[in-house]
Amino acid sequence: MPSPAPINRIVVADPAALADAAAKRLIARIETNPGRIAICLTGGSSPKQLYRLLASEAYSKRIPWNRVHWFIGDERFVSPADPLNNMAMARGIFLDRFAPKDHIHPILTDVATPDQSAERYERELKSFYGADDLDPARPLFDLVLMGIGPDGHTASLFPKYPAVNETKRWVVGVPQAHVDPFVPRVSLTLPTLASCREMLFELAGHEKRAILARLSTDESLPANRARSLGETVLLVDQAALGEKTA
Ligand code: 6PG
């Protein structure tokens with residue numbers, strides 16, 4: 001497996017600039033692929049401004065909706081009607097208005113356990129990809145969006161949990177969360193998330209300052225271990241860096 005390239009850190013002024021930079025990268029990524037495109041979304045609060053931007057006229061008209069498929073990197077094991085559901089949040093903000101229904105690929109939670117949900121999503125990903133093994137020369141996703149939690153988790157891969165070391169399974173059930181919301185999760189694993197042309201982290205706000213400082217060391221946190229086999233970018237705003245905005 002090729003070693004991942006170093007992370008490319010891009011500093012922007014504030015959350016609005018961060019969403020704009022992320023939207024521009026998403027469009028640029030789409031424009032490099034004239035065929036079928038796969039984008040893996042993320043949950044939490046960080047991407048909401050980006051999703052609102054994608055729903056705006058300026059951006060929505062630049063997305064070739066019939067060629068783009070939308071996945072999710074992790075899900076809270078709750079029903080789609082629950083406000084905690086990550087894909088329901090993305091659907092509510094932009095996907096349901098623009099994306100063909102069969103291009104939206106939620107992690108379904110209408111089964112007994114997070115593991116069953118994970119197995120089903122793994123089958124769906126493999127069928128979309130057309131193989132049971134990921135080929136580094138043919139990434140699964142064009143773009144993977146990521147957030148970072150206060151404990152250094154990313155997707156639902158929490159520090160010191162076995163899921164973060166999983167190398168065979170594409171998707172795993174995570175019976176217990178390490179931070180709020182304390183609901184079971186389903187998460188893509190590091191090799192699955194790595195199978196992309198670009199992994200794009202968004203980190204904004206002064207409450208992210210402490211974890212950003214820890215990530216700048218060699219500490220083995222999930223967010224430090226998540227890297228694309230292509231390009232990895234960290235979009236960070238001045239508040240997260242501890243800098244004052246002008
Ligand atoms: C989730 C996420 C998770 C999130 C981080 C950052 O389901 O909670 O996908 O990995 O991205 O916790 O969350 P915020 O964006 O809310 O800070």
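Numbering of ligands and ligand atoms starts at 1, following listing order. Sequence positions, counted from 1, serve as the residue numbers for this chain.
Contacts between Lys208 and ligand 1, counted as non-hydrogen atom pairs separated by less than 4.0 Å, involve the side chain only. Within the 4.0 Å heavy-atom criterion, the part of Ala155 lying near ligand 1 is the backbone and not the side chain. Neither the backbone nor the side chain of Met146 has any atom closer than 4.0 Å to an atom of ligand 1 (non-hydrogen atoms only).
Among residues two or more places apart in sequence or in another chain, the side-chain contact (heavy atoms from CB on, under 4.5 Å) test is passed with Ser220 by Arg225. With sequence neighbours excluded, the residues satisfying side-chain contact (heavy atoms from CB on, under 4.5 Å) with Lys126 are Glu122, Asp132, Trp170.
Note: no N/O pair closer than 3.5 Å links Ile148 and ligand 1 by distance alone. Considering backbone and side-chain atoms together, Ser156 places no N or O closer than 3.5 Å to any N or O of ligand 1.
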Inset, instruction - Kindly indicate, with the supporting measurements, whether the criterion side chain to side chain contact (heavy atoms under 4.5 Å, CB included) is fulfilled by Phe141 and Leu188. - result: CA-CA 12 Å; Phe141 299 116; Leu188 272 59; 3.8 Å; yes

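Remark: ligand 1 atoms within the under-4.0 Å shell around heavy atoms of Asp74 are 1 (C), 2 (C), 7 (O), 9 (O). Atoms of ligand 1 found under 4.0 Å from any heavy atom of Ser45 (numbered from 1 in listed order, with element): 14 (P), 15 (O), 16 (O), 17 (O). Close approach to Gly43 involves these atoms of ligand 1, each under 4.0 Å from a residue heavy atom: 9 (O), 11 (O). If you number the atoms of ligand 1 from 1 as listed, the ones under 4.0 Å from a heavy atom of Thr42 come out as 9 (O), 11 (O). Using a 4.0 Å cut-off to heavy atoms of Arg76, the atoms of ligand 1 that qualify are 1 (C), 7 (O), 8 (O). Within ligand 1, counting atoms from 1 as listed, the ones closer than 4.0 Å to a heavy atom of Gly147 are 11 (O). Close approach of ligand 1 to Asn86 (heavy-atom distance below 4.0 Å) involves ligand atoms 1 (C), 7 (O), 9 (O). Atoms of ligand 1 found under 4.0 Å from any heavy atom of Arg185 (numbered from 1 in listed order, with element): 1 (C), 7 (O), 8 (O).
Remark: the backbone N or O of Asn33 is paired with a side-chain donor or acceptor of Arg67 at under 3.5 angstrom. Although no hydrogens or angles enter the test, the distance criterion places no donor-acceptor pair under 3.5 Å between the side chain of Asn8 and the main chain of Val233.
Atom CD of Glu219 is surrounded by more than 12 heavy atoms from other residues, nucleotides or ligands within 6.0 Å.
The protein atom (non-hydrogen) at minimum distance from atom 13 (O) of ligand 1 is Gly44 CA, 4.0 Å. Among protein heavy atoms, the minimum distance from atom 12 (O) of ligand 1 is reached at His153 NE2, 2.8 Å. Here the heavy atom of the protein found nearest to atom 15 (O) of ligand 1 is Ser46 OG, 2.4 Å.
Each of Trp70, Tyr51, Trp65 was compared with Phe98 under the ring-ring contact (aromatic ring centres under 6.0 Å, His included) criterion, and only Trp65 meets it.
Residue Leu18 is grouped with residue Val11 when hydrophobic side chains (ILVMFWY) are merged at heavy-atom distances under 4.5 angstrom, including chains of intermediate members.
Side-chain contact of Thr109 with Arg120: a donor-acceptor pair under 3.5 Å is absent, judged by distance alone.
In this structure, Arg185 fails the cation-pi test against Tyr161, since its NZ or CZ atom is not both closer than 6.0 Å to the six-membered ring centre and inside 45 degrees of the ring normal.
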